[in-house]
Every structure is written in structure tokens, then in C-alpha cells.
Amino acid sequence: MNVGLKTQILPAGEAAVAAAARVLADGGLVAFPTETVYGIGADATNAAAVAHIYQAKGRPAFNPLIAHVGDIAAARRIARFDGPAMALAETFWPGPLTLVLPKTEGCTVADLATAGLDTIAVRIPAHPVARDILRAFGGPVVAPSANLSGHVSPTTAAHVQSDLAGRIALIVDDGAVEVGVESTIVGCFDEPMLLRPGGLPRAEIERVLGRALRQPPADAESDSGQPLAPGMLASHYAPRARVRLNAIALEPGEALLAFGLGAISGIDAASAVMNLSRRGDLDEAAANLFGHLRALDAKGVRTIAVMSIPNEGLGEAINDRLRRAAVGRE
């Protein structure tokens, strides 16, 4: 693809929203903030525009995309809701929850965006800038994370610029995002299934459903087959450096991604140290995760050793992203 495109960066505001809507209507690509991470958006009904997302990201064409809409009425035009799905939508939208639902007969989203599946991933973002852009554009917008495929997801406009400058038309800058990990994905099948942990903890979803979420099949996560939902490739969210998980001691020259104030031997020999949350706060750790991984990676370290993270609340999503970052680098 042409990577010589001039990428404009505009601060969030009325002018940026209007510019974003124009770019989308013209079939172009726009990066904008959501409450989870920055997304790279295209008109979901325009197959050529959707193809440009895959090209810009270097993303496998069998990996489906999330369609972002402005309200539940818009979601119901492209997806079919049963009782549990509607309960989740009414409770958690707008917010960091994506639902995988059967497509409606009249679904206008391009087949390329759903990777040929008869289901579609849908969410209503909570970020006011994302909402304003969706309202101004007036249609569904597919928006995966605004980074090169498999690389660390972007939580600032500078992260987007680092990966995609020259590949997209516009970046709308509204500073750092709030949540910092992607949306939780629930498949609304015969029994609701947790397809990807994310910014909405499992326990809150199960409270509304009144039952436990099923786990996906053991073979659902693979880099060779077609995933059930976005973000399910085994190797994903990865820095260039090797990632070593659950470190209890540092090897010479390693960088440390710490959590809390726990002691770890060998820290004096660390090439760099960053702490996700000194006070052990999982919300703060999630917000810092991708930015800290990018910052350590930018130092050119060979290995990032990561301290253990509790696997509760947002810790489940943090550990999911770290595990995917480590695949193929251990």
C-alpha cells in the first residue's frame, strides 16, 4: 500500500470531529480515542475502506473487526439480540464491552469486516470523542486498535503516530485513554462465552447474567485458524523484545516491568525499570500496561521480565495481554 500519505494530527474538538466524519465518508482511515485504546476507524459498510485497515495494520484478513455504533438502535440494525445480550447491552453500554451476535438479514457491514462469519462483533464506546465522531458520521465504524498488527496497542496519539504515520489520513488526539486495555468480548451463543478478557471484569458480567460465562474451546486461540472474535490470535499485543512472565529474579541486562512494591532479586542490574502500579492497583496497571511496554521496548532491551500480576478483576485482562505478548518469544 501507499505509505507516503500525509497524516494530519488534530486536537479533539468540533473541527477534528467534522474532519474525521469527512475522512470516513470519503473511505479514508481515522485514528481516534476510545475509553479502552485508540482505534483506527473506517466506514464499516465500505469494503474498500475496510481493506485499507487490514493493509495499514498488516492484519490477517481472517481476523474479524469490531463495529462501533452510536446507540442500541443502530446496533440492532446490524445484529440480533436475545434476552441475555440485551441485558448486557442495556447494563454496560456505552462502555468497554463487545458482544458477538448473529448478523441481521439486512446487515450492511462489509463481509470483509466480519471475516466471512455469520456473526458480528459490536460495541458502543463510552469516550465522548468517539461518540461525537460516530454521531457526526452517522453509520457503523469498524475500529481495531490503531497499531501495526501484533504490536503493542496504543494508549496515546503518539503511539498511533509511531506505528501508522503515513498509512492513515487523520489522528484525533485527546491525550491518554482511561481504561488502557481493549474491551471484554462476550460471545452471545447458546450459552454466553468469554472470548476475550478486557476492560469490563468477568464478575460484573456474570452478575447480570446470573450464571458463569463459558470458556472458549481449547483450540479457539491459534495463529493459523480463523478466530471467533477480534484479538484472539495466540501471538498478539507484542513488543519487539522477548517477554518473560512471572519473574521472581532478574537476569543481567533484562528490563523489569514491576507491579507493586514486592522485592525482586537482581534489580540493581536491570537495564530499565517501570512499575505498572506501585500501590498494586489493577485499574492503574491496566491503564499503564501498553504505554510501559512500548517505553521499555523503545529502549532496545532484549528481554522484558514481568512480575506476577494477580489474576482477578482487570488482572485477568492484563495477564491475557501479557501471555499473548510472550507467545513466540519465550
Taking atom types as modelled, is there a side-chain donor on R123 or T34 under 3.5 Å from an acceptor on the other?
yes
K103 side chain to T114 side chain, donor-acceptor N/O pair below 3.5 angstrom
yes
R135/D71 under salt bridge (Lys or Arg N to Asp or Glu O under 4.0 Å): CA gap, chis, key distance, verdict:
CA-CA 9 Å; R135 190 177 302 110; D71 53 42; over 6 Å; no
Measure across V69 and P140 and return the closest heavy-atom pair with its distance rounded to 0.1 Å.
CG1-CB, 4.0 Å
Indicate the atoms forming the closest heavy-atom contact of A42 with I53, along with that distance.
CB-CD1, 3.5 Å
Look only at the side chain of [X] and the backbone of [Y], and say whether a donor-acceptor pair between them is shorter than 3.5 Å.
X	Y	result
N147	H151	yes
S162	A158	no
R167	A56	yes
T184	G198	yes
R294	V152	yes
Y54	L112	yes

Nearest 0.5 Å please: distance from the [atom1] atom of [X] over to the [atom2] atom of [Y].
X	Y	atom1	atom2	answer
L24	D43	CG	CG	7.0 Å
E182	R196	CD	CZ	5.0 Å
T98	L88	OG1	CG	12.0 Å

N-O pairing of [X] and [Y] below 4.0 Å:
X	Y	value
D118	R80	no
R244	E254	yes
D320	R324	yes

May I ask you to check whether over 12 heavy atoms, not counting those of [X], lie within 6.0 Å of atom [atom1]?
X	atom1	value
R278	CZ	no
E204	CD	yes
Q215	CD	yes
R76	CZ	no

Might you work through the side-chain contact (heavy atoms from CB on, under 4.5 Å) test for M193 and V186, ending with a clear yes or no?
CA-CA 5 Å; M193 179 182 294; V186 172; over 6 Å; no
